[in-house]
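These notes are about the structure you will find just below.
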Protein chains: 4
Amino acid sequence: MPVHAGICGATGAVGQRLIQLLEPHPEFEIAAVTASESSAGKRYRDAAKWRINAPIPERVGELTVRKTEPDEIPDDVDIIFSSLPSTVGKTVEPELCKQGYIVSSNSSNARTDPDVPLTVPEVNAQHLELLEIQREKRDWEGALVKNPNCSTITMVPPLAALEDAVGLERITVSTLQAVSGAGYSGVTSMEIIDNAIPHIGGEERKMETESRKLLGSYDGTGVEWLDARVEASCNRIPTIDGHLENVWVDTVEDVTVEAVKKAMRTYPPLDLYSSPEQLVHVFTDPDRPQPRLDRDRENGMAVAVGGIQETAGGLQFNCLAHNTMRGAAGASVLNGELLLEQGYL
Amino acid sequence: MPVHAGICGATGAVGQRLIQLLEPHPEFEIAAVTASESSAGKRYRDAAKWRINAPIPERVGELTVRKTEPDEIPDDVDIIFSSLPSTVGKTVEPELCKQGYIVSSNSSNARTDPDVPLTVPEVNAQHLELLEIQREKRDWEGALVKNPNCSTITMVPPLAALEDAVGLERITVSTLQAVSGAGYSGVTSMEIIDNAIPHIGGEERKMETESRKLLGSYDGTGVEWLDARVEASCNRIPTIDGHLENVWVDTVEDVTVEAVKKAMRTYPPLDLYSSPEQLVHVFTDPDRPQPRLDRDRENGMAVAVGGIQETAGGLQFNCLAHNTMRGAAGASVLNGELLLEQGYL
Amino acid sequence: MPVHAGICGATGAVGQRLIQLLEPHPEFEIAAVTASESSAGKRYRDAAKWRINAPIPERVGELTVRKTEPDEIPDDVDIIFSSLPSTVGKTVEPELCKQGYIVSSNSSNARTDPDVPLTVPEVNAQHLELLEIQREKRDWEGALVKNPNCSTITMVPPLAALEDAVGLERITVSTLQAVSGAGYSGVTSMEIIDNAIPHIGGEERKMETESRKLLGSYDGTGVEWLDARVEASCNRIPTIDGHLENVWVDTVEDVTVEAVKKAMRTYPPLDLYSSPEQLVHVFTDPDRPQPRLDRDRENGMAVAVGGIQETAGGLQFNCLAHNTMRGAAGASVLNGELLLEQGYL
Amino acid sequence: MPVHAGICGATGAVGQRLIQLLEPHPEFEIAAVTASESSAGKRYRDAAKWRINAPIPERVGELTVRKTEPDEIPDDVDIIFSSLPSTVGKTVEPELCKQGYIVSSNSSNARTDPDVPLTVPEVNAQHLELLEIQREKRDWEGALVKNPNCSTITMVPPLAALEDAVGLERITVSTLQAVSGAGYSGVTSMEIIDNAIPHIGGEERKMETESRKLLGSYDGTGVEWLDARVEASCNRIPTIDGHLENVWVDTVEDVTVEAVKKAMRTYPPLDLYSSPEQLVHVFTDPDRPQPRLDRDRENGMAVAVGGIQETAGGLQFNCLAHNTMRGAAGASVLNGELLLEQGYL
């Protein structure tokens with residue numbers, strides 16, 4: 001029997017992707033959808049400006065949207081997928097956890113809290129053990145798990161393969177990010193047609209901190225962050241979906257392109273329902289990966305890497321992931337699947 | 001009396017910009033235009049697919065296009081502006097120099113030859129002294145001067161200000177380049193709409209070598225290249241004009257943002273006809289510079305810088321220049337003006 | 001001595017263009033700028049998100065933004081250029097007129113009121129005589145003049161030439177409109193990248209009514225609208241500026257392409273300051289006009305026409321105008337110049 | 001056992017779509033792929049610049065590309081899907097038919113020949129009976145069947161529903177066409193970013209003729225074309241896939257919006273393998289259909305209609321179809337399925 005799931009922030013860009021992923025999901029069943037006050041009480045079909053290029057799932061379209069408040073969630077809901085604005089998530093998510101709900105959240109609040117697991121299941125599933133500490137410290141029956149920012153997720157799998165193989169000292173990353181990363185109305189057309197914006201408020205800092213936590217090690221009492229220097233510069237460009245990134249790494253040990261390709265290609269996948277068969281797809285054509293051509297690999301859950309070259313201090317490469325699938329909704333769902341597999345649900 | 005100028009490769013994207021700049025220029029007069037065999041003999045108006053958003057200058061439209069061969073250039077031409085494909089420039093430019101023409105070239109051939117000045121007039125006008133060596137060694141009456149690749153020019157003025165102020169050790173640069181940099185047919189629409197391409201063949205290498213030559217010092221016998229590590233990653237994005245770049249530098253000495261801003265803002269301009277009043281425009285809004293909004297500053301001849309921040313090893317910043325103006329046609333014209341001022345014409 | 005001008009709605013996309021046009025204008029001097037309550041009291045530089053690709057004029061940047069209320073306008077202002085949202089214009093503009101201000105408005109309210117002149121000066125300057133009726137009926141010292149919607153203006157000059165030459169019976173028009181027509185935040189990037197929207201709320205109706213009023217005749221007591229059937233379909237596409245339109249007309253008399261070209265090319269221009277030297281630019285290349293290449297002709301104040309062909313019932317053609325220049329801010333300024341020339345100021 | 005299929009012109013944009021559709025197809029098996037001389041002899045994987053956002057099918061990638069010549073086609077091939085340039089198709093297709101091959105062609109040559117069926121299976125399958133006449137007249141063992149131009153296909157299904165219901169007198173259509181319709185290199189990025197092109201050479205005429213043939217009636221000796229006036233204006237816009245069209249029709253009988261919706265929604269589908277469950281999807285939201293959101297309905301084989309309104313002479317509506325699926329490769333495959341069902345294979 002599927003686990004009953006609630007979606008908080010269900011009308012936004014990531015919320016729509018959550019619906020697209022969860023409606024046909026064999027392990028979860030969408031039992032409740034919430035949104036802001038102005039949508040509450042409407043049918044989901046009428047409340048959401050549906051913008052995915054497939055029709056709205058029939059059953060979900062008929063659900064009544066609830067207010068995003070803990071008391072509005074039905075009792076038989078076991079897990080909540082949250083894509084709330086961080087200012088809302090900050091207040092609502094802890095209340096939900098207090099009331100006993102398991103929350104898999106894509107919101108940016110609390111991601112670097114010491115007792116909150118920030119997980120990409122294939123990379124650092126062990127960090128989930130933080131939940132013991134979290135529950136004890138916060139006196140929660142529920143639990144709060146976060147997935148990282150979309151631009152962070154994109155580079156973490158190849159970096160994890162490198163950290164395992166040769167150690168990381170310094171990471172410099174420049175991003176070319178799609179407009180969907182800012183939500184449906186985040187970037188106006190006049191801002192971005194024939195243009196690029198060399199700054200995304202807060203994003204650089206998220207990449208610099210979240211990546212170090214994700215690549216850190218859990219020692220039984222907490223996560224020791226990766227001891228490496230990370231510097232990011234984030235750019236918005238006129239693409240719909242798919243974040244592309246140029247990455248330079250100084251490595252601890254020497255490295256060859258062939259060894260790197262092998263380390264990435266053989267990075268162990270999980271067999272969770274949404275996990276791709278191969279986590280990192282490595283291209284040899286230096287023109288790839290490209291957002292429009294490669295973002296949909298393995299239902300948008302793979303990370304694509306190309307342009308691997310040796311440098312004086314280590315190597316450089318490019319990577320790409322679908323920012324609202326692997327980078328947001330898919331990441332939350334995958335965390336939900338991990339929580340289920342590990343018995344939290 | 002204006003100097004008679006020829007334009008080789010006059011029908012291409014850069015050739016059209018050369019015409020746009022030279023036709024109203026007080027120091028030069030367009031006396032001849034050349035193109036490939038298929039255009040030769042036609043009126044320029046009929047040979048060129050004019051793509052600038054201003055009408056084709058009346059007089060130039062009526063000129064007969066000549067074949068790109070040294071014998072076809074009229075004797076009264078004194079300077080030739082070349083935007084030939086490098087494979088053609090490689091053969092034709094030396095022949096023109098042998099016959100006595102002064103050639104200001106935007107083509108990529110010969111840029112790193114030890115006896116060929118690669119100049120951005122505001123930055124390294126002194127390198128022009130290489131012409132003595134060039135003429136002696138090659139037994140030329142004419143002379144060959146190059147301007148760098150458009151993506152190199154964009155970052156060199158701010159880097160020159162930094163090199164003067166605090167010394168450069170390591171430069172990492174990621175570019176977001178406009179489609180016009182590849183010429184009129186260089187990037188198809190299917191390649192770039194809703195997309196980005198993380199590689200531009202040869203461009204990374206040009207940035208890594210040309211920047212070190214440009215920032216090097218002339219010691220009376222040749223140019224000693226800047227002793228710094230330069231690593232570039234070049235991306236094509238869906239913008240028409242204007243290359244945007246994210247730059248990280250490790251500096252020799254410590255540096256503050258305020259000192260950097262001052263060094264850039266006070267970088268000495270030239271008073272050549274096409275040189276901007278202020279070479280580097282420094283923005284404080286972190287969202288700027290942006291290609292569509294800032295590429296046209298000072299008739300497309302200024303370089304815009306923003307997002308200056310301190311890092312562990314030095315600093316990072318973003319820069320932008322109009323790739324077919326400051327980065328190509330305008331660069332060649334400026335070199336022509338320098339040659340004129342220094343008495344080579 | 002220049003006429004003192006106020007700009008209502010000065011921070012929006014059209015307001016910014018008004019500033020760009022009026023600041024260097026020899027006949028007007030910007031004396032006051034107004035915006036919504038949230039901007040009032042700030043320096044214009046801080047209140048406006050300036051998005052024109054030229055720096056903000058120094059003097060205007062320092063002006064203090066006033067609330068959009070009649071009492072806030074200084075007494076020495078003689079003319080007000082209004083680009084208010086129509087819901088605001090509906091209330092504020094009549095009050096301004098009552099207080100004695102001459103208002104040249106781009107807002108859509110009141111455009112089809114029988115006693116309000118809707119003018120494109122080159123086409124129907126005579127309609128200004130409606131002001132006598134307006135002042136008498138409304139007991140105003142001031143006066144209200146409107147320019148039409150940007151998509152209407154684009155097709156009206158070539159249609160006026162045709163109406164004069166052969167008479168119009170039926171007009172069918174399909175538009176490809178730029179995003180700036182919806183204001184700075186009117187179209188999100190997720191709506192329009194790799195996309196088009198086949199409907200612009202209210203726009204089709206505006207084209208159908210305003211064009212008939214504009215092409216109508218003033219008979220001393222009012223404007224008799226053109227007796228023709230007009231049907232429009234309006235589309236938004238991913239262009240920044242410039243509305244392109246496909247037009248079919250059934251004409252009363254027979255017509256030849258050559259006669260049409262002549263009628264359009266010789267359509268009499270005005271010698272107002274902002275009026276183009278030639279109102280209608282006729283292209284013979286069927287690929288033209290194109291938004292990016294042709295919108296800036298004559299400082300964005302010309303209308304470009306191409307693709308003229310005979311059909312069974314008359315002819316078809318394509319036309320283009322810069323929607324925020326000829327189609328909005330420039331149209332309002334031109335109406336201001338006409339009011340000045342005719343002694344209303 | 002599947003029918004052996006050859007693909008002529010297999011490396012182009014439509015050829016790639018043919019491979020995408022035929023490789024998993026239960027009724028056909030790709031047995032040979034041909035392309036121009038420069039590709040012949042290479043593995044398909046090396047010859048094609050694969051640009052579909054899914055990996056190249058493994059088996060097809062290993063096929064050796066053959067020259068596009070009748071003698072190069074293996075004997076066991078039964079049907080050939082042709083997406084050759086029309087200049088090549090004109091010569092090669094008749095030779096193939098002479099040698100006994102059944103050819104389902106997307107090329108524009110011969111579409112209006114009186115003895116060549118131009119079919120959209122759901123609309124005019126009966127026209128296939130022309131093959132009797134064709135074989136007799138041309139003395140062919142094989143047969144040549146055409147699908148129409150992509151912009152024609154888009155409007156024909158809704159027009160067919162209208163013709164059946166109320167009769168058509170006059171059709172005016174304006175198109176907003178995607179760049180993929182011009183093939184991989186047909187439109188450069190400099191032509192189309194922030195731009196639109198109001199003319200597509202030959203396309204207007206194709207729409208005007210092909211639609212009348214398609215909607216004509218077969219009387220046992222030939223097709224009597226629809227007696228209606230059709231006028232088209234074709235525009236290229238910056239979309240990747242999906243042609244959007246504004247259509248006005250003058251109808252013979254009166255018509256209501258509700259009756260039209262019903263006629264379109266109930267237009268009888270076929271049960272061929274690639275035929276959509278519902279041929280015409282009717283939207284009530286006037287903002288739809290939109291290319292990016294609606295082109296993929298029913299695997300890109302449905303036609304979407306919206307904005308239906310009554311007019312003085314009949315009605316207007318907007319329609320959309322995926323131009324390389326329903327409009328090209330899918331159309332050819334569907335014709336192949338029809339040929340198979342009717343016993344020609």
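Heavy-atom basis, side chains included; hydrogens, waters and symmetry copies ignored. First the proteins, then the strands, lettered A, B, ... as listed; each starts at 1.
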Option in D:G201, D:S233, D:G313 with maximal non-hydrogen atom pairs under 4.5 Å from chain C:
D:S233
Using a 6.0 Å cut-off, check whether atom CG of D:D227 has over 12 heavy atoms from anything other than its own residue.
no
Cut-off 4.5 Å, heavy atoms of chain C, and the answer for D:E231 is both
More than 12 foreign heavy atoms under 6.0 Å from CZ of D:R265: is that the case here?
yes
Considering only heavy atoms from C-beta outward, does the side chain of C:D194 approach that of D:Q290 to under 4.5 Å?
no
Among C:P289, C:G242, C:G307, which residue forms the greatest number of heavy-atom pairs with chain D at distances under 4.5 Å?
C:P289
Selection from C:R295, C:Q309, C:R170, C:R292 maximising heavy-atom pairs under 4.5 Å formed with chain D:
C:R292
Under 4.5 Å from any heavy atom of chain C - which part of D:I240
both
Return the OG to CG distance between C:S174 and D:N235, rounded to the nearest 0.5 Å.
7.0 Å
Go through the atoms of D:V179 and report whether side chain, backbone, both or neither lie under 4.5 Å from a heavy atom of chain C.
neither
Within 6.0 angstrom of C:D254 CG, more than 12 heavy atoms from elsewhere:
no
Chain C contact via D:T311 - which portion, at a heavy-atom distance below 4.5 Å:
both
Looking at every non-hydrogen atom in both residues, tell me the closest pair between D:A196 and C:L176 and how far apart they are.
CB-CD2, 4.4 Å
Are there more than 12 heavy atoms of other residues, nucleotides or ligands under 6.0 Å from atom CD of D:E310?
yes
Using a cut-off of under 4.5 Å for heavy-atom pairs, which of D:N318, D:I237, D:N195 has the most such pairs with chain C?
D:N195
What heavy-atom pair brings D:P286 and C:H199 nearest, and what distance separates the two atoms?
O-CB, 3.2 Å
Checking heavy atoms, do the side chain of D:D287, its backbone, both or neither come under 4.5 Å from chain C?
both
